[in-house]
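One structure is given below, encoded as structure tokens.
Keep in mind that this is a model prediction, so the values were computed, not measured. Just so you know, these numbers use all the heavy atoms, side chains as well, and skip hydrogens, waters and symmetry mates.
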There are 2 protein chains.
Amino acid sequence: MTETASRPTLEAVAARAGVSRATVSRVVNGGDGVREPLVERVRQAVEELGYVPNQAARSLVTKRHDAVAVVIAEPETRVFADPFFALQLRGISKELTAHDNQLVLLLTEGRDDHARVARYLAGGHVDGALVFSLHLDDPLPGLIQGAGVPTVFGGRPGWSDGTRDVVYVDSDNRGGAREAVRLLAGLGRTRIAHITGPLDQTSAADRLDGYREVMGVNEPRLVVESDFTPGDAERAMRELLDRCPDLDAVFAANDLAASGALRVLRERGRRVPEDVAVVGFDDMLPVAEQSDPPLTTVRQDIEEMGRIMARLLLRRLDRSVADEAPGGVVLPTTLVRRASA
Amino acid sequence: MTETASRPTLEAVAARAGVSRATVSRVVNGGDGVREPLVERVRQAVEELGYVPNQAARSLVTKRHDAVAVVIAEPETRVFADPFFALQLRGISKELTAHDNQLVLLLTEGRDDHARVARYLAGGHVDGALVFSLHLDDPLPGLIQGAGVPTVFGGRPGWSDGTRDVVYVDSDNRGGAREAVRLLAGLGRTRIAHITGPLDQTSAADRLDGYREVMGVNEPRLVVESDFTPGDAERAMRELLDRCPDLDAVFAANDLAASGALRVLRERGRRVPEDVAVVGFDDMLPVAEQSDPPLTTVRQDIEEMGRIMARLLLRRLDRSVADEAPGGVVLPTTLVRRASA
DNA sequence: ATGAAAGCGCTAACAG
DNA sequence: CTGTTAGCGCTTTCAT
């Protein structure tokens, strides 16, 4: 590794081009109001010296960092077992880089990390934050709001039931669930069970709400709480089958859970979809397409969600004044019909 | 959002504590050579004002950023369909934050992005880079080496066959493959097929090598190239079955491919493991444990790989001089026995 | 052991 | 239009 040999500074470029630092700075930052011949000379010098602006110095004066933090708070390891965040990150990354912003990733694993993240955000290293707070009781969102950094949340934060002016992007979990259950009902199924996700997450709670809205009557025997994992969904499915041997459909809160349900159904000799129709949620391709039978499911465009979060934040950062639509953006879902229902 | 109200500076703390900026700086950075009573007073002032050092200002003088870039070059979307990178990121993140370093994530999607990444790295925003270069012909690694940033690679880079002094961390793909095939052979299987990964990736190539080493004879009819996805693995499995109807085992280059193979085997009426034994690679839990039957597979500790990469890089950064063991670190794999073989 | 002062590399008034 | 001049907030000699 060659010694970094202190990269050239503005000064050096200026000398080389025979102009002042200010002029070089102008050219480097867009070249407005500098006459063509000079611009050209400076460009040349920049090229020859391989000049790259020092971001630290720039930030020091502009107070801009062109960087945003992505905070993923996830106590459970589960999250990394599905491609959810990966997709979201990709969407975010695309949008951010399209606007020359860097993505600083902050993964948290527990209470200690919370303090660290709060400190980091308060330290003004980044211009804004994109936060995924999945749990109702998560203290992180509060800390972050306290840090005074413009923030957009991924998923409806549980603690902001309408009042606070948080900005968030979410899928239409409730609407999607309604669609799923309506499909099942339209198929003539009458005993439609629901395997929920962890109800301390708004996405799971909203899906349950959607289910209930369509079902009308509240039939607790048809609902069992689970945790979005296939393993626990198997347990849930068994419980459901024991309680209601005559159920003829199940709406699982996500595809992973649906795949667990499918397994139990097969093991118990129920044919899908003939005896029991199954609908999942997410349209996580590797799971939904590869399950047996392939899953009918509610698709949400995760990558797009990420992109929109980034876009919202960037817009907020641009117009320095807080403006327009503080609330939430809710993305539509679409039903994807495959073999399981 | 309250106006950021310009955070307190060192100056402010100094005033408050009745000392000089230099003293505050010393305390903030460890407090060596400052007498107890003063240290206490400064600490107090820092606390009261909620002072957080401005990283940009600090970097400007120290030329240190306490940040490292993680570059994930992935032309294919496939990668995000499995939790591989997520796990690796988590390992990296843990190690990095344990040493007060930030993680800047750079995702690339094509040629344009390469230039951008190279520029970013050359721009000296980060102290080092962790790079995942999975393809033989990837130009990125070269660009990065050119940028003169200390780098550790994830996975053996294809272009560095022994010569260049690259640092990398990899699983023992070849050894793991050998173990898998030996198990199958030990089970009395004699016609062991192999579904490979994309052979322009060293991991896939190494696994194939391991397979061949144990098989001894080169029997091309038993090997078909695939791409790590379940869908294409199905195609591969069918081809294999057509060419060698009497095969009695298959070693798939990863769990996803194994799951595809399993599906075709079932569809063709072959019992697993009675008729055909199957072994995968990765031990990607949601896939390996949930497949039917559960997969016997070669486990690699992805998270640990990430952690070690970070550790290596951090060590490199500490001792400013290039020192010791430049080569590669190869992590052992372990065979996990489940029902499929 | 502490303080004074000199920049780090850049942008942003302000002159000219 | 271009150059001059102040700093941005911090670390780091160098005195004291």
Sorted by chain and number, sequence neighbours left out, side-chain hydrogen bond (donor to acceptor under 3.5 Å, both in side chains) with A/D66 holds for none
Across all chains, not counting sequence neighbours, the side-chain hydrogen bond (donor to acceptor under 3.5 Å, both in side chains) partners of B/T62 are none
ask   = Parallel, tilted or perpendicular: which fits the ring planes of B/F132 and B/F85, with parallel below 30° and perpendicular above 60°?
value = perpendicular
Output the rounded distance in Å from [atom1] ([X]) to [atom2] ([N]).
X     : N      : atom1 : atom2 : value
A/L60 : D/dT11 : CG    : P     : 12 Å
B/R64 : D/dG9  : CZ    : P     : 24 Å
A/K63 : C/dC10 : NZ    : P     : 17 Å
A/R41 : D/dC1  : CZ    : C1'   : 13 Å
A/E11 : C/dG7  : CD    : P     : 13 Å
A/L10 : C/dC10 : CG    : P     : 4 Å
B/R7  : D/dC8  : CZ    : P     : 17 Å

The correct set of residues in residues 43-56 of chain B placing a heavy atom under 4.0 Å from DNA chain D is B/Y51, B/P53, B/N54
With a cut-off of 3.5 Å and sequence neighbours excluded, list every side-chain donor-acceptor pair involving residues 37-46 of chain A.
{"from": "A/R41", "atom 1": "NE", "to": "A/A17", "atom 2": "O", "distance (Å)": "3.1"}
{"from": "A/R41", "atom 1": "NH2", "to": "A/A17", "atom 2": "O", "distance (Å)": "3.0"}

Name all pairs fulfilling the salt bridge (Lys or Arg N to Asp or Glu O under 4.0 Å) condition that reach into [range], sequence neighbours left out, sorted by first residue then second.
range                       : value
residues 11-37 of chain B   : B/E11-B/R21, B/R16-B/E48
residues 144-154 of chain A : none
residues 140-154 of chain A : none
residues 117-129 of chain B : B/R64-B/D127

Expected list for residues 19-27 of chain A near DNA chain C, using heavy atoms below 4.0 Å, is A/R21, A/A22, A/S25, A/R26
*Has B/R58 got a side-chain N or O lying under 4.0 Å from the OP1 or OP2 atom of D/dT11?*
yes
The complete set of side chain to side chain donor-acceptor pair (under 3.5 Å) pairs with one or both residues in residues 91-104 of chain B, sequence neighbours excluded, reads B/K94-B/E303, B/E95-B/H99, B/E95-B/R311
Minimal heavy-atom distance between B/P150 and B/L313, with the atoms involved, is O-CD1, 3.6 Å
The ring pair (Phe, Tyr, Trp, His ring centres under 6.0 Å) partners of A/F153 (sequence neighbours excluded) come to A/W159
If each end axis of the helix from C/dA1-D/dT16 to C/dG16-D/dC1 is fitted on five C1' pair positions, the angle between them, to 10 degrees, is 40°
